[in-house]
2 protein chains.
Amino acid sequence: MSDKKILIIEKASELFAKKGFEATSVQEITDACGISKGSFYLSFKSKEGLLLSVFEYFGTKLIDRIGAIHHMETTPRKRFEQFFVIQFEEIARYSDFILMQMREQTSPVNEEMLDLMNKMRKKAYETMENLLLNLYGEGIHNHLPDIIVMLNGITHGYIEIIVFNKKKLNIADLASYIVERTDSIISGLTEPFLKKEQLLSFEGTAISITTEELIKDIEMIKRQINDTEDEVFISLDVIGQELLTLDFRKPVISGMMSNLDNSELTEGLVRKLVRFLNR
Amino acid sequence: MSDKKILIIEKASELFAKKGFEATSVQEITDACGISKGSFYLSFKSKEGLLLSVFEYFGTKLIDRIGAIHHMETTPRKRFEQFFVIQFEEIARYSDFILMQMREQTSPVNEEMLDLMNKMRKKAYETMENLLLNLYGEGIHNHLPDIIVMLNGITHGYIEIIVFNKKKLNIADLASYIVERTDSIISGLTEPFLKKEQLLSFEGTAISITTEELIKDIEMIKRQINDTEDEVFISLDVIGQELLTLDFRKPVISGMMSNLDNSELTEGLVRKLVRFLNR
DNA sequence: TTGACTCATGACTGACCGGTCAGTTATTAT
DNA sequence: ATAATAACTGACCGGTCAGTCATGAGTCAA
């Protein structure tokens, strides 16, 4: 990733967090970076493309740091504390902006964004499960969904104070404080409230794709091609026919998809198909 | 409040929650209501005026219900549970949207919105303090900020599950579950982490106004008047001069402000000055 | 020196948005 | 039945924004 891209991502994320995505113009972003508007479009396909990159940039950063906890050689308790420290450090500045964006279910970009979001959630959830089981033993297994929901909530509560009041809190102390509270909560547990399946399933949160939607997309692209002998056109036709059958043959679809790879027109469709087949 | 106003407010709040304020056009709102765009402006001064009304509508609803807890004749524990029940019932659908808007520090409306928001927060905080002290005794006094932050976080965590997964959870059970967890947390408390003043002070959250900002506003309005003999122009000039001195005389400013009351041009400035003098 | 190439620019365009208003329709009063 | 008033409409306007593109500036090999 080039320096300029990083510069834009970091400046933009500040502005998005401060003013919101829609309310921030590309001009404002480029002004803040000291570059021209045209130059922006050398680095990013669109404003939405930038948004996706912002998510990728901070998301992978966070996932990497959380993933690295496993390699720390220390006590389970310290590891658990470290998990909170990382959250406070990394998410603090961007959580509001991330939360804000989560609600905007408009653009095609959000499809990819939801995927990334789910990947992050999943990673955080798995890590938390691991850390909790290591620290408190298998006995708490049934309580994991509740514990995680509550801990995430508590974390969020303190993040809001850090962000909103711009108060410099001692993050290490805070992490240790939260782990102590976790001790208390766990010692008092009786019956769990949440069942595992009530917790947001990471697969299910993504918008599910219907065959109807795919067929409509295919028809639209076919109309744009208009040459019935075109390789892409034929491939699309075959995929469409296959989708219409109730028990479509996945290999037929994935095979035909290989003919679409280079066409920019079908970029979005291919992405949808991949997600559709992998669900 | 007329039926149409309520219709618009409720439809709009759904759209705002789904897509965000900026991303939702007035046309979309009126389409959803089955009325014309022009008709919208018979009920609301502007799109921002609508936003304020949405806040007022749900805010007062919530404040009323929370305020009514005190009149319930039951045990402190049941009252405390009821507090959560109300939150889950009322906030659930709108909390995300409310949180989302809190970050958009753009418009003049937000000034008023912040006031309402602070009123709500304050009410919720005071009520919680009361309920907690009644249930657990004065001993927890020093821990109140932490407890409230954590409980708000936990509440939010479960709200997210309700909202995001559209799962029908038993709210009464959930409230009771949370109160039990509160028992555990409180029984294990040692040293508080947050000090009272670190919790968001309800006055302080409003954006502070600088003299520089005011002077800039004044100069801008003066340029728009251009008649140096105009009463408003002279008043603005005097206020500007007064603000430039380090120990400005408040009476001079408030006196001059009375000359500005009727001018639409100075509406925003007057509001800022009032907040500035009252801080 | 030249010309081919890359990178950067900002004026420009078409779409859209908030808000207005002249005109139409519905309702009530006479 | 008619006049008066209120409620409503949608075409329209000024303005903003995302995205484009003709132009220019800098670089370097020939």
Side-chain angles (χ1 to χ4, degrees), chain A residues 1-9 11-16 18-55 100-101 104 106-110 112-113 224 264-265 267-268, chain B residues 1-9 11-16 18-55 100-101 104-113 220 223-224 264-265 267-268:
Chain A
M1 181 119 56
S2 72
D3 284 357
K4 205 170 73 182
K5 260 186 134 165
I6 292 174
L7 172 70
I8 294 174
I9 285 173
K11 289 284 182 196
S13 71
E14 282 172 35
L15 290 169
F16 289 164
K18 211 189 296 173
K19 310 186 40 178
F21 177 69
E22 299 280 348
T24 305
S25 69
V26 173
Q27 189 70 63
E28 281 176 283
I29 295 167
T30 54
D31 284 353
C33 295
I35 61 169
S36 72
K37 197 175 162 190
S39 188
F40 171 87
Y41 287 93
L42 296 176
S43 296
F44 297 96
K45 203 174 119 281
S46 65
K47 193 185 168 191
E48 278 185 348
L50 164 65
L51 185 60
L52 180 62
S53 295
V54 171
F55 272 75
M100 209 177 68
Q101 289 314 317
E104 308 208 2
T106 46
S107 58
V109 175
N110 278 29
E112 300 183 46
M113 240 156 52
Q224 286 175 54
E264 194 177 319
L265 198 65
E267 212 183 293
Chain B
M1 181 120 54
S2 74
D3 286 356
K4 206 172 71 184
K5 260 186 132 165
I6 291 174
L7 173 70
I8 294 173
I9 285 174
K11 289 282 182 199
S13 71
E14 282 172 34
L15 289 169
F16 290 164
K18 211 189 296 171
K19 310 185 40 179
F21 176 69
E22 300 277 352
T24 304
S25 69
V26 173
Q27 188 71 62
E28 281 176 283
I29 295 166
T30 54
D31 285 352
C33 295
I35 61 170
S36 71
K37 198 175 160 191
S39 189
F40 170 88
Y41 287 92
L42 297 175
S43 297
F44 297 97
K45 203 174 120 284
S46 66
K47 193 186 171 190
E48 280 184 347
L50 164 64
L51 186 59
L52 181 61
S53 294
V54 171
F55 272 74
M100 206 178 69
Q101 288 315 316
E104 308 210 1
Q105 296 146 326
T106 45
S107 58
V109 176
N110 278 29
E111 226 171 83
E112 299 184 47
M113 240 155 55
M220 213 171 66
R223 251 176 277 126
Q224 286 174 54
E264 195 177 318
L265 197 66
E267 211 182 295

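Only a predicted model underlies this, so the values are computations on that prediction, with no experimental measurement involved. Labels below follow one simple rule: chain letters A, B, ... track the order of the sequence lines, proteins then strands, and each chain is numbered from 1.
We find that CZ of B:Phe44 is positioned 13 Å from P of C:dG19, with the value rounded to whole Å. To the nearest angstrom, C1' of D:dC13 lies 15 Å from CD of B:Gln27. In this structure, NZ of B:Lys47 is placed 15 Å from C1' of D:dG15, rounded to the nearest angstrom. For the pair A:Phe21 CZ and D:dC17 P, the interatomic distance rounds to 13 Å; values are reported in whole Å. One can place CD of B:Glu28 at 7 Å from P of C:dC17, the figure rounded to the nearest angstrom. In this structure, B:Ile8 atom CD1 and D:dA7 atom P are separated by 14 Å, rounded to whole Å. A straight line from CD1 of A:Ile29 to C1' of D:dA18 spans 11 Å, rounded to a whole angstrom. Distance, B:Glu22 CD to D:dT16 C1': 12 Å, rounded to whole Å.
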Base contacts versus sugar-phosphate-only contacts with protein, heavy atoms under 4.0 Å: please encode nucleotides 7-14 of chain C as B, S and - from 5' to 3'. -BBB----
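A 4.5 Å side-chain heavy-atom check between A:Leu50 and A:Val26 finds every atom pair outside the cut-off.
With A:Lys47 contributing its side chain and A:Phe21 its backbone, the two residues share a donor-acceptor pair below 3.5 Å. Side chain of A:Glu28 to backbone of A:Ser25: a donor-acceptor contact under 3.5 angstrom is found.
The nearest pair of heavy atoms linking A:Leu15 to A:Thr24 is O-OG1, 3.5 Å. Nearest approach of A:Tyr41 to A:Ser46, heavy atoms of both residues: CE2-CA, 4.0 Å.
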Side-chain donor-acceptor pairs under 3.5 Å in residues 1-8 of chain B, sequence neighbours left out?
from: B:Ser2; atom 1: OG; to: B:Lys5; atom 2: N; distance (Å): 3.2
from: B:Lys4; atom 1: NZ; to: B:Ser39; atom 2: OG; distance (Å): 2.9

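Contacts of B:Thr24 with the nucleic acid, taken as non-hydrogen atoms under 4.0 Å apart, involve only primed sugar atoms and P, OP1 or OP2.
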